[in-house]
Colleague: 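Provided herewith is a single structure, encoded as structure tokens, for subsequent inquiry.
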Amino acid sequence: YALSGLKWHKSDLTWSVHSYPTPSRSPGLPSTMVDSILTHAFKAWSDAAPLTFHQQPGGGGSASSGGDIRVSFNSLLHDDGYPFDGLGGTLAHAFFPGRDDVSGDTHFDDHERWSYGGESSGTTDLFTVAVHEFGHALGLSHSSSDPSIMRPYYQGPVGDILHYQLALDDRLAIQQLYGIKGGQQPGGVDPNLPRLPSPPPTKPTKPSDPSVHDRCHGGFDAVANIRGEVFFFQGAHFWRTTRDGSLVSLNPAQIQNFWMGFPPGTNKIDAVYERKSDSSIIFFVGSQYWVFKDTVAMSGYPRPLSEWGMKRKSGALVDRVDAAFIWAHNGKTYLFSQGEFWRFDESRKGQRGTPQPEPGYPRDNSLWTGVPSRMDDIISWGEGDAHFFKDNHYWVLKSGGMNQDSVEPKSIGVDWLRCPVPPSTSAPANPDGPRRCRCDLTD
Amino acid sequence: SAMPEQYSRAVDWLSRYGYLPPPDPRTSKLQTKEGIEKAIRVMQRFGGVRETGVLDGETLKLMSTPRCSLPDIVGGEDMLKKRRRRRR
């Protein structure tokens, strides 16, 4: 939830209605029913926090009378600086608590077709919008949580108004401001100040041992292009470079502190890639795989790697993945394991929802000439070029190319991880039994 | 992909709901492409749709969904401050 930083410094609040919906646009809502709907909308909040709401006579719409929260139905320009826009678009707004004349005012767009309950086509449920707007009038801002009545978008009626209860996110928000019903007032010593959430239990930081985790030595278990950033996984840690090529930190982060959902003791990632269709992130660890939504593992994982249907030429099931990437050249997913690779079209799913290998696979890694046949991992980067990572070097196959003779190894440390240029040394052995001589990196 | 008119409307929408700083008529400052992409991403994350940074169909649909007219990102330009400035 999000709080506006403003609240009422009292718990007995008054409200009034200064105008009602135009009957021709909202024929099913006589004023008595509007009063009843609004009363129940306030009750949703007073059920969750020690607040009371009393209705006062509305009168002619004077801003200086009518209690704390003045409700009105207005059209277009209505003298508060925030005109409505006719049917659709914006539905309502409310002003946060405070000492201003306008504080607490709640305005509904009279061009909407307001209704009560049900899912009538083209109408807007007054109760649902009123609970939301009164949340603002009590000090809450918009929330991105789902479910929460404080989400900014109207998503249809919330249901039975007699038994409606706020979602947890909203209850916590209102209780943060006004305390728990029958319980303590918020804020401890000074109830006027919002109480801060309880801090999580302390978790001592375990500093990384630089002698063990030196990014400049290379040898990464997995490398992945995730949301335009490149992640280098090694052991239980990873480094991360942003889109502009800068390293987020010279020190590695712990995989389990960032990627939530791996079982304790997970200390090696075999391969990772970001799925194109839904931006999920797929992790391969041993004979299992996980699907992550953002940084959290989805429920139901891990699942067995065998669901991917990869069989070796020998007929044996694949029990681990060395590398995984989506080749930007054709949008297909490639998984590599022990010298063989499989191609997948992820728009075609098998019975369990996992893609199945295309016919004609596996094929030998040696088809990717000029690069190591046993790579650590692969990513698509830049203009769609395939980058093959092995030890502390990487090889670039230009977009669409699978068979390029002159592929020079480059330094991962220097080009990706802000490491110093090493003194001149011999180049790595040609990965596939050299077709030609190799010079050292500086020659 | 979004048409130029949709793009212009979307920038206006992003400004109105707090994802982009409001245009400054004194400087006619242009929003940067990166700034707009970032604002779209924040809007997509807030709205619970796929975070692409571009005005795809899902994002345009969410932008046309009826909603409350308070901004989602309340910074220095919240309603009360605007009102005070307007009064001055």
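The model shown is predicted, which means the values in this text are computed figures rather than measured ones. Residue numbering restarts at 1 for every chain, and letters A, B, ... go by the order of the sequence lines.
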Colleague: So which part of E133(A) gets closer than 4.5 Å to some heavy atom of chain B, the side chain, the backbone, both or neither?
Modeller: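 E133(A) touches chain B through side-chain heavy atoms alone.
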
Colleague: Measuring from atom CZ of R50(B) to atom OG of S280(A), what distance do you get when rounded to the nearest 0.5 angstrom?
Modeller: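 Between R50(B) CZ and S280(A) OG, I get 10.0 Å after rounding to 0.5 Å.
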
Colleague: With a 4.5 angstrom heavy-atom cut-off, is it the side chain or the backbone of S145(A) that approaches chain B, or both, or neither?
Modeller: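 Neither; nothing under 4.5 Å.
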
Colleague: Could you check R67(B) against H142(A) for side chain to side chain contact (heavy atoms under 4.5 Å, CB included), going step by step and ending with a plain yes or no?
Modeller: CA-CA 11 Å; R67(B) 56 163 290 155; H142(A) 282 154; 3.5 Å; yes

Colleague: Which heavy atom in S144(A) sits nearest to a heavy atom in F46(B), and how many Å separate them?
Modeller: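 Looking at all heavy atoms of both residues, the shortest contact is CB-O, 3.3 Å.
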
Colleague: Given the options M150(A), H136(A), H132(A), which has more heavy-atom pairs under 4.5 Å with chain B than any of the others?
Modeller: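 Option with the greatest count: H136(A).
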
Colleague: Return yes if some donor-acceptor pair links the side-chain N/O of T90(A) with the main-chain N/O of C68(B) below 3.5 Å, else return no.
Modeller: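 Flag not set: sc T90(A) to bb C68(B) has no pair under 3.5 Å.
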
